[in-house]
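Only one structure is covered here, and it is reproduced in the block below.
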Protein chains: 2
Amino acid sequence: MQRGRQLRPGVTLVRAGEPMAALFVVRSGSAKRYSVTLGGGEQVHGFVLPGELVGLEGFASGRYTCEVSALEPLGYCRVPIRKLEQLLERLPGLRREILRLLGQALDESQRLRGELALSDARGRVAHFLADLSHRLARRGLSPTEFHLSMSRADIARHLGLTLETVSRALGTFKREGWLRVRARDISVLRPDALAALGSGIA
Amino acid sequence: MQRGRQLRPGVTLVRAGEPMAALFVVRSGSAKRYSVTLGGGEQVHGFVLPGELVGLEGFASGRYTCEVSALEPLGYCRVPIRKLEQLLERLPGLRREILRLLGQALDESQRLRGELALSDARGRVAHFLADLSHRLARRGLSPTEFHLSMSRADIARHLGLTLETVSRALGTFKREGWLRVRARDISVLRPDALAALGSGIA
DNA sequence: TGCAAAACTTGATCCATGTCAAGTACTGAT
DNA sequence: ATCAGTACTTGACATGGATCAAGTTTTGCA
């Protein structure tokens, strides 16, 4: 388990197609997971926050399948796969833990897919904010006052919307008094309303 | 590794919320993975074909998180988790294999999510058919002549569309000479066209 | 074999969101 | 502090797919 040198915004941590030599744990900052489509567009799979893992999909083929690049200065640890396999040999607890983490990632991905299939634009944006809030809270950060490290365009590409629609959704939440928005700084005034709309109680 | 008694269509193999006591491998038939939303609707996560695994998301919390029920008479094997853990203790190859399978499921789920976010209705239906075709071929079945075991409504709920839209998409593929459709029997005449449309070369 | 129910197709209309276009507000460099 | 470039907001309009509503085909049961 090595501490990696901090990455500056825009710098890539892993590239699609590279052999999977390690897993990464983000310690500070945030990152964007995405892949590049045939047309040259970006398909944003999600955002990585402190405490979260990068690289799990690599187990599929031994190569990473998406790019992960820093949105804010990114501190991380590197866990070489060789080392991990040695530890898995000896530690049943770690075996269960890694299965749990993979299961969790899978479950989350499926849940998100369902979200996309069922909700409308406002619902998706609400869900995005509620989810972010929840994950920040889990790390002891404020669930109601936070800074978006990603652009509206990134959010849009993540949710299958256009950046205009994301902007308008935020606009309506602001007007309804659910949020305060100033550029990328968000204050959540009605977490309940967002969570409800985000989980399909539209 | 036990062989399970064949299930009749409509019968449920695993239920959301049940403790995860085993993984299942489908041997014959097909099944639908779904969860029930707050409004009572079905959110279809996907379909399970022979050779594929059921229950992996259970590693997240030790409980299954979605329902899996048979669409056609379903033959399967049951792999108790206790037994699996014992084997993982001794077999490094199996450890890698289970990680590979989880990674694959994760990668697939993410790729599908991207599909949903980027394509329009025809693209999604084309992708669905191309994917099904591919998975059938992998099991040695015909990639061009097959029977859909799921209803249009199931396909729609899987793709985030309405059943009318799915029906219309199939209609246009038929008119353009890409498919022959007779109820649930499909003949693919232009696999190339479907695959292209399905992978965003719209 | 025939009948009823379910599944599917097709058509007409409406609306949410995409698209195009301007204008405004940040941000970072000099 | 100013300026240029980028990010974001807002508006007007177009459109793909949802919705509503018949019809038609298929399926399973008597």
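In what follows, chains carry the letters A, B, and so on, assigned in the order in which the sequence lines appear, proteins first and then strands, with residues in each chain numbered from 1. The shown structure was predicted, so the numbers you read here are calculated from the model rather than taken from an experiment. What you see below is based on every heavy atom in this structure, not just the backbone, and it leaves out hydrogens, waters and symmetry mates.
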- For the pair B:Phe47 and B:His158, name the ring-plane relationship: parallel under 30°, tilted 30 to 60°, perpendicular over 60°.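 Ring orientation, 0 to 90° scale: perpendicular.
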
Using atom [atom1] of [X] as one end and atom [atom2] of [N] as the other, report the distance to the nearest whole Å.
| X | N | atom1 | atom2 | result |
| --- | --- | --- | --- | --- |
| B:Leu148 | D:dT27 | CG | C1' | 16 Å |
| A:Leu170 | D:dA7 | CG | C1' | 13 Å |
| B:Asp185 | C:dA7 | CG | C1' | 14 Å |
| B:Phe173 | C:dT10 | CZ | P | 14 Å |
| A:Arg157 | D:dC8 | CZ | C1' | 14 Å |
| B:Met150 | C:dA7 | CE | P | 15 Å |

- So among A:Val26, A:Leu136, A:Leu141, which one has a side-chain contact (heavy atoms from CB on, under 4.5 Å) with A:Leu49?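 Running side-chain contact (heavy atoms from CB on, under 4.5 Å) over A:Val26, A:Leu136, A:Leu141 with A:Leu49 returns exactly one hit, A:Leu136.
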
- By side chain to side chain contact (heavy atoms under 4.5 Å, CB included) - contacts of A:Gln6 (at least two apart):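 A:Gln6 satisfies side chain to side chain contact (heavy atoms under 4.5 Å, CB included) with A:Ser28, A:Pro73 once adjacent residues are dropped.
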
- B:Glu145: side chain to side chain contact (heavy atoms under 4.5 Å, CB included) partners, not counting sequence neighbours: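 By the side chain to side chain contact (heavy atoms under 4.5 Å, CB included) rule, B:Glu145 matches B:Ser142, B:Ser187.
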
- Task: Take atom CZ of B:Arg3 as the centre, draw a 6.0 Å sphere, and report whether it contains more than 12 heavy atoms from other residues, nucleotides or ligands.
- Result: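 Open: at most 12 neighbouring heavy atoms sit under 6.0 Å from CZ of B:Arg3.
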
- Spell out protein contact along nucleotides 12-30 of chain C as letters: B when the base is contacted, S when just the sugar-phosphate is, - when no protein heavy atom is under 4.0 Å; keep the 5' to 3' order. B----SSBB-----S----

- Only one of B:Arg33, B:Arg135, B:Arg27 passes salt bridge (Lys or Arg N to Asp or Glu O under 4.0 Å) with B:Glu52; say which it is.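 Only one option passes, and that is B:Arg135.
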
